[in-house]
There are 2 protein chains.
Amino acid sequence: MKLLTKKTDYAVRALLRLAQHDGRLSARRIAAAEHIPLQFLRAIVQTLAQAGYVTTREGVTGGVALARAPRAIRLADILQLFQGTLDMTECLFRKKVCRNRATCVLRHRLLDIEHTVLAKFQRITIASLLKDLNAA
Amino acid sequence: MKLLTKKTDYAVRALLRLAQHDGRLSARRIAAAEHIPLQFLRAIVQTLAQAGYVTTREGVTGGVALARAPRAIRLADILQLFQGTLDMTECLFRKKVCRNRATCVLRHRLLDIEHTVLAKFQRITIASLLKDLNAA
DNA sequence: CGAAACTTATACTATAATAGTATCAGTTGC
DNA sequence: GCAACTGATACTATTATAGTATAAGTTTCG
């Protein structure tokens, strides 16, 4: 079971770099520092920019910068941005009614677990990760 | 994010059926009752049999039966059987040393979350699901 | 102006996991 | 012997993930 995909992982690492640097950084520099394929990172940065987590500037002095305070960027939001919502509610909305009671019983338990996971992800922010990083 | 694959889901549902029936059931009957593709379920049953959760008997009077008490079958074990172990430890064992501290910081948090999830899955058994089912 | 360093936008590919499907062989009991 | 079952494989289709490639536009500096 994989909790985070590479995209999410890279996004978080890029955000951490930006938070540490406190200014504008080019995708190329971030990619080199984090060993992330450049084009892949560029696409990730675009997604982050469109969602308002970073600002970008074109041109030779351009690059990427944080658009929000590190403590205002929650891992739960980045996760949702790149991996979509937690979607265990399928049986409730997509099919008429859960035609199998056993499945519903299971889903009830899964929903409980997912809420727990989500709550934990919501408490993790770029700021809290940064704190861990500096403490280590 | 998907916690359970179809295989795990089907396996649990099959085990619940068997626990309710308290005897031998053919894969065909289970598949029909749970709307599971027959060949797919048969492969799942084989895996369950090889792992010792069910016994099978060939021939016209054959079928599948539980080999363990419902309360001795934990969802965590079924999950592991079909989806493998929780594998967030990659950076510790597969690569020499985590060459990126930010990643390690993240993984540390992920491990914590995975332990929580695993603990919850360990507390769910076929018996506890059956109880939910009868209470509903 | 024009090159260098940057982002934007999109299209393409490779690999692996998931979810099934299809068969043939062997077993059991009437 | 045939109907209903399991065992064991091999195959396919779809999707997600993880990239790669490239053409086009922007900004600054010399």
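The shown structure was predicted, so the numbers you read here are calculated from the model rather than taken from an experiment. Chain A is the first sequence line, chain B the second, and so forth, proteins listed ahead of strands; every chain is numbered from 1.
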Participant: Calculate the interatomic distance between B/Arg13 atom CZ and C/dA19 atom P; express it in whole Å.
Facilitator: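 Going from B/Arg13 (CZ) to C/dA19 (P), I get 12 Å.
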Participant: Can you find a donor-acceptor N/O pair under 3.5 angstrom joining the side chain of B/Glu58 to the base of C/dG26?
Facilitator: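 A donor-acceptor contact between them is present.
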Participant: Could you work out which one of D/dT28, C/dT21, D/dG19 sits closest to the side chain of A/Val60?
Facilitator: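 Per side-chain heavy atoms of A/Val60, the pick is D/dT28.
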Participant: Do the side chain of A/Asp9 and the main chain of A/Thr5 share a donor and acceptor less than 3.5 angstrom apart?
Facilitator: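 Checking the backbone N and O of A/Thr5 against the side chain of A/Asp9, no donor-acceptor pair under 3.5 Å is found.
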Participant: For B/Gln83, answer base if it contacts any base atom (sugar-phosphate contacts may also be present), sugar-phosphate if it contacts only those atoms, and nothing otherwise; contact means non-hydrogen atoms under 4.0 Å.
Facilitator: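 Result for B/Gln83 = nothing.
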Participant: Where each residue is assigned the nucleotide of DNA chain D containing its nearest heavy atom, which of B/Gly62 and A/Gly59 is assigned the position nearer the 5′ end?
Facilitator: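 Residue closer to the 5' terminus by nearest nucleotide: B/Gly62.
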Participant: Tell me whether the side-chain N/O atoms of A/Thr56 come closer than 4.0 Å to OP1 or OP2 in C/dT7.
Facilitator: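 Negative; the distance criterion is not met.
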Participant: Applying the side-chain contact (heavy atoms from CB on, under 4.5 Å) criterion to A/Arg24, which one of A/Val54, A/Leu18, A/Thr55, A/Leu66 satisfies it?
Facilitator: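 The single option meeting the side-chain contact (heavy atoms from CB on, under 4.5 Å) with A/Arg24 is A/Thr55.
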Participant: Would you mind reading off the distance between A/Lys6 atom NZ and D/dG19 atom C1', rounded to a whole angstrom?
Facilitator: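 These atoms are roughly 11 Å apart.
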Participant: To the nearest angstrom, how far is B/Ile36 atom CD1 from C/dG20 atom C1'?
Facilitator: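 Checked: the CD1 to C1' distance equals 13 Å.
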Participant: Just how far, in rounded Å, is C1' of D/dG19 from NZ of A/Lys7?
Facilitator: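 For the pair A/Lys7 NZ and D/dG19 C1', the rounded distance is 10 Å.
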Participant: NA contact type, A/Val45, heavy-atom cut-off 4.0 Å: base, sugar-phosphate, or nothing?
Facilitator: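 Answer is nothing: A/Val45 stays at 4.0 Å or more from every strand.
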Participant: When you measure from the side chain of B/Gln39, which nucleotide among C/dT7, C/dT21, D/dG7 comes out closest?
Facilitator: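 For B/Gln39, the side-chain atoms sit closest to C/dT21.
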Participant: Within the 4.0 Å heavy-atom criterion, would you say A/Ala49 contacts the bases, only the backbone, or no part of the nucleic acid?
Facilitator: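 Counting heavy atoms under 4.0 Å across all strands, no contact is made by A/Ala49.
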Participant: Which distance, rounded to the nearest 0.5 Å, do you find between the OH of B/Tyr53 and the CG of B/Leu15?
Facilitator: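 Answer for the OH-CG pair, B/Tyr53 versus B/Leu15, is 9.0 Å.
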Participant: Between C/dA5 atom C1' and A/Leu38 atom CG, what is the distance in whole Å?
Facilitator: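 A/Leu38 atom CG is separated from C/dA5 atom C1' by 11 Å.
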Participant: Heavy-atom nearest nucleotide on DNA chain C for B/Arg42 versus A/Ser26: which residue maps closer to 5'?
Facilitator: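 Closer to the 5' end of DNA chain C: A/Ser26.
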Participant: For the pair made of CG in A/Leu41 and C1' in C/dC6, what is the distance, rounded to whole Å?
Facilitator: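 That distance rounds to 13 Å.
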Participant: I want to check a possible cation-pi pair here: B/Arg74 against B/Phe121, using under 6.0 Å from ring centre and within 45° of the ring axis as the test.
Facilitator: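 B/Arg74 over B/Phe121 ring: no.
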Participant: Would you indicate which nucleotide in C/dT7, C/dA19, C/dG29 comes nearest to any side-chain atom of B/Thr61?
Facilitator: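 Comparing C/dT7, C/dA19, C/dG29 against the side chain of B/Thr61, the answer is C/dG29.
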Participant: Using a 4.0 Å heavy-atom cut-off, does A/Tyr10 contact any base of the nucleic acid, only the sugar-phosphate backbone, or nothing at all?
Facilitator: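 Since only primed, P, OP1 and OP2 atoms lie under 4.0 Å of A/Tyr10, the category is sugar-phosphate.
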Participant: What's the CZ-C1' distance between B/Phe82 and C/dA19, to the nearest Å?
Facilitator: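 To the nearest whole Å, that distance equals 13 Å.
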Participant: May I ask you to decide if B/Leu75's main-chain N or O and B/Gln80's side chain share a donor-acceptor pair within less than 3.5 Å?
Facilitator: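 No, B/Gln80 side chain to B/Leu75 backbone: no donor-acceptor pair under 3.5 Å.
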Participant: By the 4.0 Å heavy-atom rule, please label B/Arg57 as base, sugar-phosphate, or nothing.
Facilitator: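 Sugar-phosphate contact only - B/Arg57 comes under 4.0 Å of backbone atoms but never of a base.
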Participant: Phosphate oxygens OP1/OP2 of C/dA9: is one of them under 4.0 Å from a side-chain N or O of A/Gln50?
Facilitator: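 Answer is yes, contact under 4.0 Å.
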Participant: Can you check the B/Phe40 CZ to D/dT6 P distance for me, whole Å?
Facilitator: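 Atom-to-atom, B/Phe40 to D/dT6, this comes out as 17 Å.
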Participant: Just verifying a value: how many Å separate A/Arg13 CZ and A/Thr8 OG1, rounded to the nearest 0.5 Å?
Facilitator: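 A/Arg13 CZ to A/Thr8 OG1: 12.0 Å, rounded to 0.5 Å.
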Participant: In terms of side-chain heavy atoms of B/Pro37, which of D/dA18, C/dT21, D/dT6 is nearest?
Facilitator: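 Of all the options, the side chain of B/Pro37 is nearest to C/dT21.
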Participant: Compare side-chain N and O positions of B/Gln46 against OP1 and OP2 of D/dA8 and report whether any pair is under 4.0 Å apart.
Facilitator: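 Yes, within the criterion.
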